[in-house]
There are 2 protein chains.
Amino acid sequence: MQDSVHVQCSECPIRHRAVCARCETDELSRLEQIKYYRSFQAGQTVVWSGDRMEFVGSVVTGIAALTQTMEDGRRQMVGLLLPSDFVGRPGRATAAFDVTATTDLVMCCFRKKPFEDLMTTTPNIAQRLLEMTLDELDAAREWMLLLGRKTAREKIASLISIIARREASQHLRRVTGMLSVDLPLTREEMADYLGLTLETVSRQISALKKDGVISLEGNRRVSIPNLDRLLEETGDDSDGGMLV
Amino acid sequence: MQDSVHVQCSECPIRHRAVCARCETDELSRLEQIKYYRSFQAGQTVVWSGDRMEFVGSVVTGIAALTQTMEDGRRQMVGLLLPSDFVGRPGRATAAFDVTATTDLVMCCFRKKPFEDLMTTTPNIAQRLLEMTLDELDAAREWMLLLGRKTAREKIASLISIIARREASQHLRRVTGMLSVDLPLTREEMADYLGLTLETVSRQISALKKDGVISLEGNRRVSIPNLDRLLEETGDDSDGGMLV
DNA sequence: CTCCGAAATTGATCTGTGTCAAAGAGAGGA
DNA sequence: TCCTCTCTTTGACACAGATCAATTTCGGAG
């Protein structure tokens with residue numbers, strides 16, 4: 001299987017890994033024809049669990065969250081969608097989870113039916129989607145280890161290092177100095193992602209700060225003086241792991 | 001997208017959802033040529049995380065578990081593979097998780113390279129695999145809710161109801177009377193799946209028994225006098241949910 | 001049937017995280 | 001500038017589940 005080659009979608013400010021990788025020109029142009037954009041404000045819901053899902057698409061800018069809520073209000077975030085992440089299920093009519101914009105959000109969408117038609121005639125797309133979905137599945141399974149077995153402190157360290165990693169891989173601006181990342185989530189959203197309460201999140205962030213593992217500039221920006229030190233706190237093997 | 005039509009693989013005692021659905025005869029025969037069987041004893045490891053993975057395949061009989069282990073020994077099961085479940089990642093060289101046989105196990109395997117070749121020439125296979133992988137992803141996300149937010153009692157009830165559901169859908173022997181299922185896992189394995197300790201698993205099973213939600217015949221067989229009563233204990237919405 | 005080792009149960013106690021409550025800090029608008 | 005609302009931090013306490021430690025039960029071999 002050849003290496004994945006990313007092709008730039010015209011107009012789209014970012015690469016469309018979902019649909020453009022390995023695409024030939026004619027495939028791209030067919031995708032262009034059924035493409036459209038949608039914008040959401042922070043806090044807005046993109047789709048509700050159980051709703052008809054008439055499109056698939058990928059995040060262009062901003063961040064969206066997949067969440068699941070129990071009858072009594074307990075909530076668990078089950079996915080964080082960063083730019084270039086794909087949303088939607090070809091072949092399934094309704095959404096299985098709530099999708100909400102946690103920041104202002106722009107998505108590049110394709111109506112589901114035409115996209116599915118295109119998929120049946122364009123093997124590349126199904127294969128690329130399979131690859132992405134398998135990656136997501138691996139990431140979900142890593143996350144299961146975090147939820148089931150890690151301590152609160154390890155969970156926080158893991159979240160910060162994942163956000164740092166993804167942010168780094170996006171912008172490719174690996175500054176030589178101290179790296180610092182924006183936390184695109186409120187304490188409550190972090191708690192929902194990590195299976196904790198917001199109080200515990202806050203306490204553990206304070207503890208990591210006190211121990212010199214991180215430092216804060218305002219509430220939302222974290223500086224990491226020593227990445228290795230942070231990674232030790234995650235409980236993961238130093239080398240591999242953490243695919244997200 | 002048409003409904004999935006299951007075609008019986010010759011020799012295989014069960015349907016190969018992974019590869020046979022919607023297959024045409026010639027595709028089937030090409031699959032037959034690269035197919036072989038492997039048997040494992042209970043407790044044996046199929047592949048270790050990080051090892052080269054030279055095959056993909058599906059479970060024929062028995063049960064396998066995907067697990068992840070931290071350096072200090074904390075373990076989390078991240079998937080339970082029942083007959084007809086697919087294992088392996090076309091397009092990735094190494095396994096991301098340990099795969100172990102929790103019971104005696106027979107797998108139907110395909111060498112990875114020929115399978116991948118077949119996949120590129122046979123769009124159906126990639127599409128079918130995509131569908132299955134998306135289902136697994138949804139199931140993993142349901143499981144994240146369980147790990148992050150459910151109480152020990154709810155976790156146990158969820159596990160039993162999932163096993164009951166999968167067993168029922170396999171054998172299609174929906175007995176009219178009281179339904180009873182075999183727990184194919186030790187208490188420790190259940191604990192690893194649920195993110196608990198084996199003592200807590202044992203205690204909660206005892207509690208459910210005392211409350212008349214289930215009853216035990218020996219250690220491994222559970223009777224469910226009232227399925228609705230059990231489902232109430234899972235914490236899930238009464239209707240939808242629990243995709244596994 | 002009896003014996004043996006592994007698996008499961010049960011008890012006592014400890015601890016990490018949740019819960020409830022209050023006070024502090026930031027950002028945006030008047 | 002100050003005010004207000006939301007987000008965050010911190011404290012005191014409670015409790016679910018972990019840990020440590022015996023027993024007890026089960027299932028297979030002889």
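What you see is a predicted model, and the numbers here were worked out from it, not measured in a lab.
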Within this structure, what is the [atom1]-to-[atom2] distance between [X] and [N], rounded to whole angstrom?
| X | N | atom1 | atom2 | result |
| --- | --- | --- | --- | --- |
| M190(A) | dT8(D) | CE | C1' | 10 Å |
| R187(A) | dG18(C) | CZ | P | 16 Å |
| E188(B) | dT9(C) | CD | P | 13 Å |
| L208(B) | dT9(C) | CG | P | 12 Å |
| D192(A) | dT17(C) | CG | P | 17 Å |

Subject >> Within residues 210-220 of chain B: residues closer than 4.0 Å to DNA chain D (heavy atoms) >> reply: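 Those residues are N219(B).
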Subject >> Nucleic acid footprint by protein, nucleotides 10-21 of chain D - heavy-atom cut-off 4.0 Å, B for base, S for sugar-phosphate alone >> reply: BBB----SSBB-
**OP:** For atom CD of Q41(B), decide whether the heavy atoms of other residues, nucleotides or ligands shown that lie under 6.0 angstrom number more than 12.
**Re:**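 12 or below, so no.
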Original post:
More than 12 foreign heavy atoms under 6.0 Å from CZ of R111(A): is that the case here?
Top reply: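 It does not: R111(A) CZ has 12 such atoms or fewer within range.
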**OP:** Starting from the first five and the last five pairs of the helix from dC1(C)-dG30(D) to dA30(C)-dT1(D), work out the angle between the resulting helix axes, to 10 degrees.
**Re:** 40°
Might you point out which heavy atoms bring [X] and [Y] nearest each other, and give the distance in Å?
| X | Y | result |
| --- | --- | --- |
| L147(B) | M144(A) | CD1-O, 3.5 Å |
| V99(A) | A64(A) | CG1-CB, 4.3 Å |
| G195(B) | Q76(B) | CA-OE1, 3.8 Å |

**OP:** With sequence neighbours excluded, tell me which residues meet salt bridge (charged side-chain N to carboxylate O under 4.0 Å, His left out) with D211(B).
**Re:**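 D211(B) satisfies salt bridge (charged side-chain N to carboxylate O under 4.0 Å, His left out) with R153(B) only.
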Taking C-beta and beyond as the side chain, do [X] and [Y] meet within less than 4.5 Å on heavy atoms?
| X | Y | value |
| --- | --- | --- |
| I163(B) | P184(B) | yes |
| R229(B) | I224(B) | no |
| E188(A) | V201(A) | no |

**OP:** Can you tell me which residue pairs pass the salt bridge (charged side-chain N to carboxylate O under 4.0 Å, His left out) test with a partner in residues 52-63 of chain A, sequence neighbours excluded?
**Re:** none
**OP:** Tell me, please, which residues at least two apart from D51(B) pass side-chain contact (heavy atoms from CB on, under 4.5 Å).
**Re:** W48(B)
